[in-house]
Enquirer: 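I have a structure here, written as structure tokens, and I will follow up with some questions on it.
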Amino acid sequence: MSKGEIIEHIGDGRYRIKQLYDVERVKRQRDRVLERLAELAVTLPERQLELLLKEQERDSVATQIDILIPSLRTEPETVRDTITALQVSLVRLGAEAQLLRRQVAELIAEDLGLRKRLNQIDDIPESEEITAWCADLTLDLSGEVAVVDVNDEGRQGTIVAPGFSDAAAHSAAAGALVPREAQSGKQVYFNAAILPGVQKWRPRYRVGTIQAIRGELCSVNLDSASSSAQGLDINQAQLLTDVPIQYMDCDEDAFEEGDRVLVRFFASGPQVIGFESNPRACNRAGIFFVPAILQPNGSRGVFGEPFEDEAGDPVNPPLGTPGGINSAWIATPVFRDEPYAISRGVSPQVAGNMNWIGSGGLAVSWHGPSSRFFEFYNEQFVSAWQSSWSPGSAIFFRRKLLIDLADYAATMGVRTVLGASMEVTESYRRLYVVTVSSESLSPVFKLWRVSLSGSFEPIDSVITEIDSFTCPTGTMFVSGFYFNANGAQGVCTLQNYTGEPRSKVYRVDLSVTSGFSVEQVYDREQPGDYPYNTQATSWTINRTSARTNISTSLLSDSVDPQIDLPLYFDCDDQGFFAVLYRRPKITSSDTFNMSTSNGAGTTQHPHPCAGQPVDGGGGNVWPDTFTGAVDERNSVSSNGSVAGQPDQIITSRGEVLATFPFAEHSTTDTTASSYEETAVVDEPCGSYDGSVYTYSVQRVATSRLRSDSPNFLALAINGRDKFVAAGISSVENTFTWERAGNRWVNDLLSSGGPDGQIELYPVGGSSRSRHTVEVFVDGQSVETLELSDETVPISQGSVFPSGNMFLGIDVGLTDDGSNGTQTGGTGPTTTYFPFLPSLPQIFASGITDASSVILQGRRAVSVLARDNDGNSASYQRIDEVGDPAGGLFERPGEPYLMHRLTVA
């Protein structure tokens with residue numbers, strides 16, 4: 001292993017790097033050379049000067065001897081001793097000069113040698129720029145990294161060490177390549193001598209091809225490998241067996257038979273740690289979707305290849321060519337600087353809307369609705385938004401077609417996929433598939449098994465039928481078969497569609513070893529403990545005197561209890577559970593109050609004969625006023641109300657998946673009053689009638705109710721991922737009626753209306769109609785998509801309220817005429833719930849696309865709502881990014897969606 005430095009990421013795990021050589025030692029040597037050369041720059045001239053002076057001194061002595069030699073003939077005794085002394089000095093000076101000459105030569109040689117070495121050192125490369133694949137799909141490496149030298153020496157292949165969890169970070173223990181030019185001769189010789197032995201008996205890295213995968217182990221056929229020293233074979237064995245795989249966080253799931261892999265040798269044995277090239281993402285699955293835009297006319301626009309034009313410039317980045325091919329994206333969760341590794345240019349035909357996510361990150365998908373609860377499974381969908389909802393015979397795995405049941409003759413007539421899973425053990429890998437016949441009612445389920453190879457490929461094109469099951473008469477499935485994490489058990493839900501639709505609910509369980517079993521979990525014809533209505537009535541009369549101050553009241557209460565009705569069964573990591581529709585408790589209350597005062601007083605009126613004599617009155621005159629008698633004052637009020645709690649979608653574990661946005665309620669308030677006074681004078685002198693007979697009645701009704709109960713425009717549920725999208729239609733009404741007159745109420749009874757009731761005339765009213773899609777995640781409302789909200793004035797026709805609300809009409813009480821308090825009542829009485837309310841349907845105009853997935857703790861949600869009038873709204877979110885329109889597609893605020901959201 002050696003050291004490298006990242007220059008740039010080219011793409012898909014391929015890098016441009018500098019392979020850094022260990023030249024620190026030779027750099028220190030260069031410093032020493034420069035230091036010595038600096039010393040020589042002083043020492044060599046000094047020695048050369050010393051040599052020059054010494055040679056001059058020697059030459060001077062030699063010259064003196066030459067001068068004295070002729071004197072030997074004339075004066076031998078005189079000069080001989082002098083010449084002898086000079087000759088001794090000459091010999092000494094010559095020896096000294098020779099020594100200096102040798103020193104100068106050595107210094108010159110040293111200087112030349114050091115300068116040559118300096119040039120050699122300066123020519124030693126500190127690094128070499130190369131391209132290299134990372135052994136795993138780590139896309140954000142930077143700085144210094146560890147580099148694998150294939151066959152444990154340079155020039156035989158270079159791979160960047162696996163980068164997952166910072167494993168590629170370089171450490172001193174990883175070492176570095178040292179150029180031979182940077183080594184001493186002894187080092188070069190020693191390393192060359194032991195290299196083949198080290199490579200063979202203490203191997204570090206080899207490359208090879210996976211021959212077979214069995215569970216977490218594989219067998220690898222190593223490439224032939226020889227040492228650069230003598231060309232010796234350095235593999236101890238060609239075939240390695242029972243080799244563990246350690247790769248990112250998914251190990252063997254990323255590999256297939258035939259993959260070219262990097263093998264590292266530990267003290268415990270060999271281990272596959274990555275790919276030789278083109279590293280693959282962990283195949284535990286990614287978030288799969290098709291980037292799409294909602295066009296103004298409601299159609300769907302998609303994008304795809306090519307992503308670059310002929311000049312290499314990006315086309316509509318990052319989406320690509322409008323209407324291009326391979327329009328799907330896969331966002332694989334990663335946990336480094338970027339939240340997802342994005343793969344573009346994926347065929348949209350390699351994944352289905354429905355899926356199973358198993359242990360170890362395995363994911364299998366097939367075609368079907370985006371909701372895990374549905375109706376009308378076999379309906380043909382012509383909208384481009386819903387075209388992928390149609391069921392099929394294909395099963396997808398790892399972004400490719402795994403099997404198509406149409407290729408198996410044994411599945412003839414029962415090829416529509418309703419569920420699938422995988423079972424992986426150390427001994428085998430198996431695919432299980434549940435198919436359904438094409439019959440609309442009482443379908444036939446079949447369970448099939450397909451054996452898979454170590455690379456998850458079907459073996460021998462053989463499919464085995466395990467069990468068959470005919471659904472009860474008149475029933476139809478409203479869910480897929482949903483398997484647990486180990487792929488060995490599943491569940492499906494049936495409801496009946498004959499007689500009273502949805503009057504029975506069945507749970508179908510499945511074991512891959514024992515087959516199908518069924519249990520009826522609800523039957524509305526045998527309601528059991530489902531009470532429908534509890535009603536009680538009470539009344540009171542208070543009388544203070546025989547003809548005055550009569551007070552009456554009537555109270556009637558009715559309570560509809562809370563009911564939990566099963567919709568379908570699902571499965572998550574904790575096991576199987578039911579998803580239920582909770583019909584909340586509804587309380588109805590009617591109250592009636594009447595107060596009557598008989599003979600309640602007198603009033604004064606002008607006398608028609610005021611001041612005139614009274615005939616036969618003995619001189620008396622008529623008074624200015626006369627007294628009129630108030631016969632009766634009446635006031636009546638009544639109130640009717642219906643109040644309930646919000647509907648909910650819950651689970652059998654007590655979890656709340658959705659609480660709908662309002663509680664149904666209605667009120668009807670009526671007030672009435674009357675006044676009766678007799679004031680009549682009829683005398684010969686004049687007459688006067690001041691009698692008054694008046695009444696007034698007003699009724700106000702308000703309500704906030706669903707258009708139906710429940711009237712979901714659409715309903716998408718994913719109990720596994722705690723997601724609900726519900727289209728709801730609500731109506732809020734306010735109406736007012738009234739009437740006033742000066743005739744007796746009793747006079748109206750015979751001519752007023754049916755059953756002698758008073759006909760009230762409309763005054764005014766309004767009706768607010770609202771259509772929304774409510775989106776819930778983990779039981780919380782995250783968005784309200786408004787499709788329409790319209791308030792219009794409405795003038796309803798005349799009404800005839802219930803007779804016991806008005807004057808002069810029997811209120812159903814028995815008055816014995818005595819003073820004091822009289823009470824009475826009936827109930828309570830209980831009736832039982834006779835039928836289920838109409839259940840929601842997903843395939844209506846409200847929800848065009850709705851899905852939620854959770855993968856490795858990351859959630860993505862896509863909802864598109866659209867009504868028949870062309871109104872539309874959407875909700876798009878993906879964890880760590882937010883709205884993908886801006887966070888992924890670089891189109892913030894525009895109507896871009898993650899269409900066909902699933903896992904693949």
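Here the structure is a predicted model, which means the values were calculated and not measured. Residues: numbered from 1 along the sequence shown.
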Enquirer: At what distance, to the nearest 0.5 angstrom, does NE2 of H9 lie from CD1 of I6?
Expert: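 Going from NE2 on H9 over to CD1 on I6, the span is 9.0 Å.
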Enquirer: Does the side chain of D152 come under 3.5 Å of the side chain of Q199 through a donor N or O and an acceptor N or O?
Expert: no
Enquirer: First locate atom CG of L431, then atom OG of S421, and finally report the distance between them rounded to the nearest 0.5 Å.
Expert: 7.0 Å
Enquirer: Quick one: is the NZ or CZ of R260 closer than 6.0 Å to the six-membered ring centre of F275, and within 45° of its axis?
Expert: no
Enquirer: Taking atom types as modelled and ignoring hydrogens, do the side chains of S862 and Q876 form a donor-acceptor contact shorter than 3.5 angstrom?
Expert: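 Indeed, the side chains of S862 and Q876 share at least one donor-acceptor pair under 3.5 Å.
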Enquirer: Please confirm whether F456 and F397 have ring centers closer than 6.0 angstrom.
Expert: yes
Enquirer: Side chain to side chain contact (heavy atoms under 4.5 Å, CB included) between Y875 and L864: does it pass, once the steps are laid out?
Expert: CA-CA 7 Å; Y875 175 76; L864 172 62; over 6 Å; no
Enquirer: With salt bridge (charged side-chain N to carboxylate O under 4.0 Å, His left out) as the criterion, how do E256 and K400 come out once you've worked through the C-alpha distance, each side chain's angles and the decisive distance to 0.1 Å?
Expert: CA-CA 13 Å; E256 299 177 0; K400 66 181 180 181; 3.6 Å; yes
Enquirer: Please work out which of the three classes, parallel, tilted or perpendicular, describes the rings of F289 and W329, given edges at 30° and 60°.
Expert: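 Tilted.
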Enquirer: Please examine the side chains of V263 and Q271, heavy atoms only from C-beta on, and report whether any two atoms are closer than 4.5 Å.
Expert: no
Enquirer: Determine whether more than 12 heavy atoms belonging to other residues, nucleotides or ligands lie under 6.0 Å from atom NZ of K18.
Expert: no
Enquirer: Let me confirm one number: the CD-CZ distance from Q246 to F266, rounded to the nearest 0.5 Å.
Expert: 6.5 Å
Enquirer: Please determine if R891 forms a cation-pi arrangement with F889, meaning its NZ or CZ atom is less than 6.0 Å from the six-membered ring centre and no more than 45° off the ring axis.
Expert: no
Enquirer: Does the cation-pi check pass for R858 over Y340, that is, NZ or CZ under 6.0 Å from the six-membered ring centre and within 45° of its axis?
Expert: yes
Enquirer: Spell out, as yes or no, whether a donor-acceptor pair under 3.5 Å connects the side chain of D149 to the backbone of E153.
Expert: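 No, because the side chain of D149 does not come within donor-acceptor range (under 3.5 Å) of the backbone of E153.
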Enquirer: Going from CD1 on I234 to OG on S227, what distance comes out if it is rounded to the nearest 0.5 angstrom?
Expert: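 Interatomic distance, I234 CD1 to S227 OG, rounded to 0.5 Å: 6.0 Å.
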Enquirer: Using the side-chain contact (heavy atoms from CB on, under 4.5 Å) rule, pick out the option among R30, R28, R36 that qualifies with R32.
Expert: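 Option passing the side-chain contact (heavy atoms from CB on, under 4.5 Å) with R32: R28.
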Enquirer: Return yes if some donor-acceptor pair links the side-chain N/O of Y247 with the main-chain N/O of P162 below 3.5 Å, else return no.
Expert: no
Enquirer: Is it true that S453 and E257 share a donor-acceptor pair across their side chains at a distance under 3.5 Å?
Expert: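 Note: E257 and S453 side chains miss the donor-acceptor criterion.
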Enquirer: Verify side-chain hydrogen bond (donor to acceptor under 3.5 Å, both in side chains) between N355 and R720, making sure each step is shown before the conclusion.
Expert: CA-CA 11 Å; N355 55 70; R720 179 190 65 187; 2.8 Å; yes
Enquirer: Look at atom CD of E457 and say whether more than 12 heavy atoms of other residues, nucleotides or ligands are closer to it than 6.0 Å.
Expert: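 Check passes, neighbour count above 12.
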Enquirer: Under 3.5 Å, is there a donor on one side chain and an acceptor on the other for R859 and S852?
Expert: yes
Enquirer: Please walk me through it: do I330 and I287 pass side chain to side chain contact (heavy atoms under 4.5 Å, CB included)?
Expert: CA-CA 5 Å; I330 295 177; I287 299 173; over 6 Å; no
Enquirer: How far apart are the C-alpha atoms of L114 and D111, what are their side-chain angles, what is the distance that settles it, and do they pass the side chain to side chain contact (heavy atoms under 4.5 Å, CB included) test?
Expert: CA-CA 5 Å; L114 289 176; D111 184 80; 5.9 Å; no
Enquirer: Could you give the distance from CG (L452) to OH (Y428), rounded to the nearest 0.5 Å?
Expert: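 Taking CG in L452 and OH in Y428, the distance rounds to 12.0 Å.
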Enquirer: Measure the CH2-CG distance between W366 and N353 for me, rounded to the nearest 0.5 Å.
Expert: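 So the gap between those two atoms works out to 11.0 Å.
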Enquirer: Could you tell me if the side chain of P892 sits less than 4.5 Å from the side chain of D883, heavy atoms only?
Expert: no
Enquirer: Any side-chain donor-acceptor pair under 3.5 Å between N718 and D721?
Expert: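 Per modelled atom types, N718 and D721 side chains form a pair under 3.5 Å.
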Enquirer: Test your reading of the model: is there a side-chain donor-acceptor pair from D259 to the backbone of V261, 3.5 Å cut-off?
Expert: no
Enquirer: Counting neighbours of CG on D573 that are heavy atoms of other residues, nucleotides or ligands and sit closer than 6.0 Å, is the number greater than 12?
Expert: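 Open.
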Enquirer: Examine distances only and state if a side-chain atom of E5 and a backbone atom of I17 form a donor-acceptor pair shorter than 3.5 Å.
Expert: no
Enquirer: Might you work through the side-chain hydrogen bond (donor to acceptor under 3.5 Å, both in side chains) test for E305 and T321, ending with a clear yes or no?
Expert: CA-CA 6 Å; E305 295 178 339; T321 301; over 6 Å; no
